[in-house]
2 protein chains.
Amino acid sequence: MQPVDIIRRKRDGQALDAAAIDAFVRGATDASWSDAQLAALLMAVLLRGMTAEETRLLTAAMTHSGTVLRVANPPGPVLDKHSTGGVGDKVSLVLAPVVAACGGCVPMMSGRGLGHTGGTIDKLEAVPGLRTTLAPAEIDRVLRAAGCCIASASGQLAPADGRLYALRDMTATIDSVPLITSSILSKKLAEGLDGLVLDVKTGRGAFMQTEAEARELAEALVDIGRRQGLAVEALLTAMDVPLGRAVGNGLELREAIDVLAGGGPADVRELTTVLAARLLCLGRLAADESGARQLVQRALDSGTALERFRAMIAAQGGDPHVTDDPARLPRAPRVARVVASVDGFVCDIDARAIGGAAVQLGAGRTRQTDDVDPAAGVTLLAQVGDRVTAGEPIAELHGRSEASLQRARDVVAAAFRFARHPPPAAALVRGCITPTSSAS
Amino acid sequence: MQPVDIIRRKRDGQALDAAAIDAFVRGATDASWSDAQLAALLMAVLLRGMTAEETRLLTAAMTHSGTVLRVANPPGPVLDKHSTGGVGDKVSLVLAPVVAACGGCVPMMSGRGLGHTGGTIDKLEAVPGLRTTLAPAEIDRVLRAAGCCIASASGQLAPADGRLYALRDMTATIDSVPLITSSILSKKLAEGLDGLVLDVKTGRGAFMQTEAEARELAEALVDIGRRQGLAVEALLTAMDVPLGRAVGNGLELREAIDVLAGGGPADVRELTTVLAARLLCLGRLAADESGARQLVQRALDSGTALERFRAMIAAQGGDPHVTDDPARLPRAPRVARVVASVDGFVCDIDARAIGGAAVQLGAGRTRQTDDVDPAAGVTLLAQVGDRVTAGEPIAELHGRSEASLQRARDVVAAAFRFARHPPPAAALVRGCITPTSSAS
């Protein structure tokens, strides 16, 4: 079957069989399909959809478009977490060493940030000297040393996704549940996982802005993961306000270290705990959620998780002393403050606006080829529910130029909302999708 | 607006405005849009459709993507015909000199064949020495000499269509009424026409296989042509059986000369007459259809049309004596015959099968880069309605290799159907779409 025949089938609303989907993924990997043909099929998939079986076949073909990792003699079950991306989300930096400290093996492949959401790799690279581009043998070495590893998604794992994602980004074909599902799962399945927990974010700071969209994606991810033999669950979590106080690469790394040292903001600690606990259950490292939470809390409070993080940094060539001496992290040449305009309670902080301000300060990218400034970003001095008085500092901006600080100051000030009474507490976790619930 | 934003609008079913459509066509012309972006928008247009106003804007933008011809001091109204393509359709070769002989000026830009239908340029190039790649100044010179000219669609006229058509061909985005309409009309409007008649073919040998599809396309062509200020009509004509007896480039050229000399098959003469008559009315060279038919018949029977054809061939560098001495045309080294299997009346000849057999013999292309053999093809010795006896020759095959003749012989034999009684006469013209009828 020629590419044009496969495109025509999907265009006409028919399901593609395994041979057609394999041909498409091979065409994306070995360049035997032109960009135009790949893009036409991507648009047809977006508009015509895919059945669960087609999505499974696409995920499997993309997983096997390159190397599939097999960790040599893993010390425990091979586990990972994926987040659909949010503002201030540094959970991966904490969760990987926590799960390692609890007996799991975490070969985490992460990406860089684009737009208002950050990327774990950019955050970790704020550590002086640390490398994230690791060959499979190096990943094995880091895992032996620390039990966890955070590396850049390499061209060797699921290479079809690299070409397809770049095309989707320029052709308005990102927002398709089958395409998002296969993109996320193929990269994770190529890590050779036993268990995966997915953090599907919903809200104005998230990719999926409504809870219905987020739930649809979460159900697809869990369903397809299960069909591919993975122990998998998804949590729907709120992303309306930034997670924690720090937004920006080095600032978030520092906050992650605070959490690993038993402190840090309550929301970051809680989200890490619930996600890590689900993962420990999936990996059978804990009998139930309550036991799993105790394991996580002990790893955080006893310093064993921080010890894993330090070992991982050292094994990846970074300066492990940043965990004890945050002054070794890059610092922005200029810091400015934003103050409260009125007396009252902080009742809302727009995550998307804060993410945008961080990008303006240099912490993020507007194009894939941009560099990021590891020192830039925003620190929230007040979180939702805090009482403030007019003139009191509510945020700190870290940047290089007076002009970017001035622009960001206006954006950050406008992102805060105040009220006379404290707002009702909002649940961080909005739902949990398990293979049983999604099969119903 | 970035390409991705324009693609997203169409993907989401919204109409594109003039600025968006101009950006798309400019992107196709100056390569500022990638192939992937063009293909994604083409697929979105195919699946989401376009309003009449969007199609008009697209047609206008494509028309002005390159040079628009202005014939210098035309001897009469500037007229042309377009056919959606059929098997054995050599009407353009006859109609251009007929209309010139009746006082029109015909700067006909034609294409090459692909698949089972032939192309006028391939047919005309069977004349030794004749050139079809002509600069605008040469087209003017040929028009002054002959009143008509048949040239290859050049990269200077509607260049956006060249790139878009090549992409549509490989991405299953040919079959879209707005895209077909803008492709056909932009090239014709770039000829600077006063009047255009469209031959929209329907049936198994045509691009539009059902009459409903053909009517939808014809109505769109007439509606958009009218909105662009063109005097335009469309005829729906049958393409179930080959037109005339000759299928193949040199064979069809020879049959066209027969018709220009006042002879030839009745169906070719009739279709040419009705299309040319409509065109003479559109160009106000005749007061009504009956007067126009008389003008056409006189041009054919008196030899004035053949004289124009001879002058055109000479002006385009070809050997004008082919019109008197068909032996000067290329001849195939091998000829084979197909005989009737039973006694009876020929009740059907599958045009698509005959077109396919001609391609197998070398008369057509399966890919755009293939060469064609000017001598190859099929001559039907029996047409629908003819009485034959078993063993009597019904077709002649012209080719280069015994193997291709053998394959074609089976296909041609299977394309014939016989019956005990003569079939009822089928109308060649199935309908006429005028601006008034299409606006209703």
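Chain A is the first sequence line, chain B the second, and so forth, proteins listed ahead of strands; every chain is numbered from 1. All heavy atoms count here, side chains included; hydrogens, waters and symmetry mates do not.
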Most chain B-contacting option - heavy-atom pairs closer than 4.5 Å, from A/Gln37, A/Gln2, A/Arg8: A/Gln37

Contacting moiety of [X], where chain B heavy atoms sit under 4.5 Å:
X        : result
A/Leu38  : neither
A/Leu42  : neither
A/Asp169 : backbone

As an exercise: rank B/Ala39, B/Ala172, B/Pro3 by heavy-atom pairs under 4.5 Å with chain A and give me the winner. B/Ala172

Can you tell which part of B/Asp12 gets under 4.5 Å to a heavy atom of chain A, answering side chain, backbone, both or neither? neither

Which region of B/Leu46, side chain (C-beta onward) or backbone (N, CA, C, O), has a non-hydrogen atom less than 4.5 Å from a non-hydrogen atom of chain A, or is it both or neither? side chain

Answer yes or no: is there a side-chain heavy-atom contact under 4.5 Å between B/Ile7 and A/Met170? no

Report yes if the side chains of B/Thr171 and A/Arg11 come closer than 4.5 Å at any heavy-atom pair, otherwise no. no

d(B/Met43 CE, A/Leu41 CG) to nearest 0.5 Å is 7.5 Å

Any idea which heavy atoms bring A/Leu167 and B/Ala36 closest together, and the distance? CD2-CB, 3.5 Å

